Structure formats: structure tokens, C-alpha cells
Amino acid sequence: MSHFAGVDIGSLAIKCVIVNDAMDIVAKAVVPTGARVAQAGEAALRAALESGGVDPVSIALTIATGYGRKRVAADARVTEITCHARGAVHLFPGTRTVLDIGGQDTKAIRVGAKGEVANFAMNDKCAAGTGRFLEVMARALEVDLEDLGPLSRESTKPQTISSFCTVFGESEVVSHIADGAEIKDIARGLHAAIAQRVIGLLKRVGIEAELTMSGGVARNVGMRDAIERELGLTLNVSDESQIIGALGAALIARQRYLNTGEEPR
Amino acid sequence: MIATATTPDARTALLDACARALDHPGACLREWKQRHPAAHVVGYFPTYVPTELIYACGALPTGLWGGSIAVSRANAYIQQFTCSIVRSTTEYALHGAFDQLDAVLFPPICDSAKLVASIWALNFSERFMVDMVTLPERLDSDASVAYLAAELRRVGATLAQKLGVTIDDGALACAIDRCNRLRASQQAFCSRRATLEATMPLAHAAAVLKAGTLMHADDYLPLLDAFLAELTSDARSRRSKIPVVVSGLACQLPHPDFLALFDEAGFAVVGDDLLLGMCGGVAVATGGDPYLALARAFTQGPPLATRHHDTIHRHEFILDQWQRGAARGVVFLVPKFCEPEWFDLRYLKAEMEKRGIPNLVLDFDEDPTGFGPVLTRLEAFAEILM
């Protein structure tokens, strides 16, 4: 049996997914990116092969995606825009909009009726509205990043964070702390600030249900709550949200290898 | 530095000369002044200044383009939410980079250009003369032509007085002829974009046009004309590429490394309106009142974000390029904080979308770093068009 690998080189984590001929996920791995991207990419593939007991020789095609896609060995490279759309449509076939909030960038993707990318928008160079923003704020609040979302759900008096900028936002957080605001209320305000930012991005491509959220930040319940509150709709969120880009890359690898032409790109 | 491949000598000669003009503008000016010790140099800010008046004074017109300088001192004069060309040219001026100039002319193309002209007049007038060519807003009336002719006469007289020369009709006629030939050659270069693309990437083509605003026409034109004479139709390299049209403001270009991303992403740029304001004007009529002819030519020039016509529309030019080049999409290059271009963009996108033409907007400044996200955008657009 042939297998197909997708390696998504993100700024904070490298995700690897291996699928089989039937498009089932047979192995996956997530490793920190670190400073040596090429080695980390190989480590992610190795970890995925080991976790699924997959013979490396059975990998028929590997596609790299993500910001570091050109820095790792692969048979082909596809942008994370196309891969996230492909992965999201595979998991949620009714997907028409994808929101990917990653470690250092955010993407809004409109998907056409056949699951193809119709339009997209990305955030600018700055970290506003990305996972990095939450990371910096979690540090300022002295809480673990993973706890930020659940903590925000306990908020009874949400604080307002008016700045999207990571630097100014951190100053506002410090001011709220100095004023005696509770951490859970500041956390809720932070998620609301990012939600407003990413909704602006989504509106640039047009928001159409179903909206699927991908990327590491999709695991943050506080973030999901804030976006759903702002938009008034329920997001598709998978347990595999962090690996959707890698999954899309693996599926595209399979499609190219088999040249079936049956699935959306 | 522009890299050259094994190609005809004319191409190499043209690219080398243009690269030198762009990479070492100060040294090129000094060399030119050594060769022409009695002549003057007049800087001009994009997009439109009548270079014919500068040539008629026996001077070298040279475009002020800014560049990738770290802006520090200019922050004391200009707010940070202003386009990068305004800020970087001012930074260069504060560092004395334009002290070789005898005069600088500004067109009032936007609020930022007007602002910077005033700041320069206040701060640098001891180093060089600063004047504004006040252009008419309406382009479809005889009054506009008459007004602009009078304004050009005033600008010419003021400039000539400053440089200690006189502009006679013969000198102006020669200058008009020289600029007409320059425009014609540059337009021939642009109109053969689809053919040109096979031998010259966008970054190099943009450099050739930009260098035409820095070099003296008598030095530049023979090189360009020799290249055009050797340019043959060769569409081989286009077959595996995706044809697109690139549209952007005429007064500012992204860094060459930014433009090179089009090739890396697999695009063939088969049409563009970059630098249209600098080289895309209509030929100036000869034989009558030269000032009236210059004014009339300006009012008949192509529509730009900074020059709107009631009857000629900017999107029609883009559509024409799109059709001629059999392009699959359009990429808009928009300078950050450029109000005229962002104002036009909404309408231009609507015109493209009305016709189902895929399009991508890329904003830019003169920062030479951080092109990774730009390449991702371009490659994702290519994947959509495949």
C-alpha cells in the first residue's frame, strides 16, 4: 500500500500527517520548529512514521507546506492557503470559509463550491491577531498559554483591550493588572480583541457558512467563543485542527500521485 | 545589481547601464557633471513633471525615487503613516544625498507630495531651488489647457532664471523632440511586454524604465533602441508560466527583490501599467506654441490614480493589457498609505470582479526585507489560477 506525507512547517510547530490510499490518517506528529528547520522537518516525518508504524519506503510522495516549505526536503511544495482549504474541506465537506490562526500569521480563505480556493487574505507582517499575540499576553498574565482560553470562560467582567498591536496590547494588559482587574477578565478581553481583528480579515474575503477553523489557536476555547459571539454562528472545529494544513498537503500528495482528478485541489 | 545572463550584447549593455544608474545614482550624477561641467541637474518627484523644460535649460532631469534607507531624521518632519517614497526621499535629502541638484520640481499629485514639497521648500531652499508645478484637476476643458500652459511658462521661466539660462523656442522644440523619442521607445518597450517577458523578468523591465528617469535621454535612448532592435519574439519560457497583468501606481515601485518574486512564483507578466505616469504620456505636438502643446499632451495622458479623466478610465487600460496578453489574472501593487491608489483600488477590483477576472492585491513599501508572506500570497494566487 502506498502512503502520502504532508509536512506543514509552521513558525512554532512542524506538523506531519501521513494518509493512505483511502485518505485515512494513518500517522501524525507535531514537533517544535526551533532554529534548525530542515532537521526539525525530518524529525517530524520520522516521528510520524514511527507513531504509525509506516514503512518509509511506502511513502510515494511528500508535499511540504507552511512558511518554511522551501527549507525542507520534499517532492513538491504547495502553499498553506491551498493546503488548509483542502484539509478543512476533507474534514468538513460543507466548508465555504476557512480561518487559520497560526503562530505568526492568520489567513482567511474562501472556498468555492468544488472545494477550491476562491479568495484569500493574510495578515500583515505584524503579530497582531496571531498565536504569537496570545503567547506574549499569556506571559504578561503569568498563565500557561493552554489555560488562557478556559480561564476566559470564567470571566464575569470582561476588560476591553483596544489595541490590536502586540506591543501596545501588552501595555494595556499591564495597565489592567495595575488597576486590579482579574486575569480571567483580561483574558476574555484579549480574545475579543483578536476576534475583532480576524473578523476584519474574514470580511475581506466574505464570510459564508460553514466556517471551519484551523491552526493551533483553534484549540483555544476562549478564542472560539469570542469568534462565535462576534459572528453569531457556530464554527467547525476538529480535534485535528492543528494538523489540517499537513493533512491537506498529504491529500494533495495523494491526489497528484494517483492523478485521480476526483477531489478538489 | 541586476544579474545578466548569456544574452545579446545590447541587452547586457542596457541592463548594466540601468543597474549602475539605479545602484549608484550619486556617482553617476558626479560623472555626468564632470562630462558636462557647465550643465545643471534638476530633480523631479514622480509622477509628472515636464522634463522638456529641464532639457530646454540644458540640464539633466533626474527622478527622485527614494529607496531602502532607514528613516530616522525624516520622522521629525513627516508623520509615519505617510507613504515610504515621501519619507525616504526626505531622509536622503536630510543626509545631503541631493546636494548635487540645482533645483527640484514637485507635482501636486497627492496630499503627501504637496506636504513634502512645502517641507523641502522650507528646509532645503538654500541647497537647491524647490518649486511646485501646479497641475489642473479637470482635464477636459480648454481653460485647463490654457491655465497649465501659463503655469508651465512660469515654471520654465523660474527654473531658467535660477539656472542662469534662457529657454528659447528652438531649445524647447529640441527638448520636446528628445522626450517624444524617449516616450516612444519606452512605450515600444512596454507594448512588447508579452514578447519581452521571455527574455527579461519584471524586475529588470521595471529597472529599465526607472533608469530612463535617471539617465540623460542621449545616453539612455541608444541603449534602449539597440535592445529593441535585437528583441525577437520568443515565447518559449512563457509556456510553463501563468500569464498575469500587474497594475500599480506610477510614482513608486517595490524593491527589485519583491518584483523578482513574480518569477519565483511562476508568473509571466504579460502587461503592466507600472511607471505609466513617467513614460506613458502622449507625444507632444510640434510646430505651434510649445507650452500649449505640453499642456494639451498632459491633459490627454493616460489615466492614473493621480490623474483622472471623465471619459478615459483606468480599468480599460488594464483590461486591454489583460486581453492582449491572454492573461489569467491581475495583480494590483499598492503602496502602503497611498490614498490615491487605495481610493482607485475599490473601483478597479469591482471592474475585474464584474468580469470574473481573478485578482490579487499586494501592498508594499520600500522595506527590502520580509518577502516570505508576499511569496506565499503570490504562490497561492498561482495555485488558484493553475
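None of these values were measured; they are calculated from a predicted model. So you know, we letter chains A, B, ... as the sequences are listed, proteins then strands, and number each from 1. The figures that follow rest on heavy atoms only: side chains count, while hydrogens, waters and symmetry mates do not.
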Closest non-hydrogen contact found for A:K70 with B:L375 is CE-CD2, 3.6 Å

To the nearest 0.5 Å, atom CE of B:M386 lies from atom OG1 of A:T82 at 8.5 Å

Cut-off 4.5 Å, heavy atoms of chain B, and the answer for A:K107 is neither

| message | Looking at A:T79, is its backbone amide N or carbonyl O close enough to the side chain of B:E383 to form a donor-acceptor pair, meaning the two atoms are under 3.5 Å apart? | response | yes

Bottom line for B:L360: the part with an atom under 4.5 Å from chain A's heavy atoms is side chain

- prompt: If you draw a 6.0 Å radius around OH in B:Y347, do more than 12 non-hydrogen atoms from other residues or ligands fall strictly inside?
  reply: yes

- Message: Atom CD of residue position B:Q323 - does it have more than 12 heavy atoms of other residues, nucleotides or ligands inside 6.0 Å?
- Response: no

Under 4.5 Å to a heavy atom of chain B? For A:F120 that would be side chain

Separation between CG (A:N119) and CZ (B:F381), nearest 0.5 Å, reads 9.0 Å

| field | Within 6.0 angstrom of A:E210 CD, more than 12 heavy atoms from elsewhere | value | yes

| query | Do the side chains of A:R69 and B:T376 get nearer than 4.5 Å, heavy atoms only? | reply | yes

*Please check if atom CZ in B:R355 has more than 12 non-hydrogen atoms from other residues, nucleotides or ligands closer than 6.0 Å.*
yes

inquiry  = Surrounding CZ of A:R219 (heavy atoms of other residues, nucleotides or ligands, distance under 6.0 Å), is the total greater than 12?
reply    = no

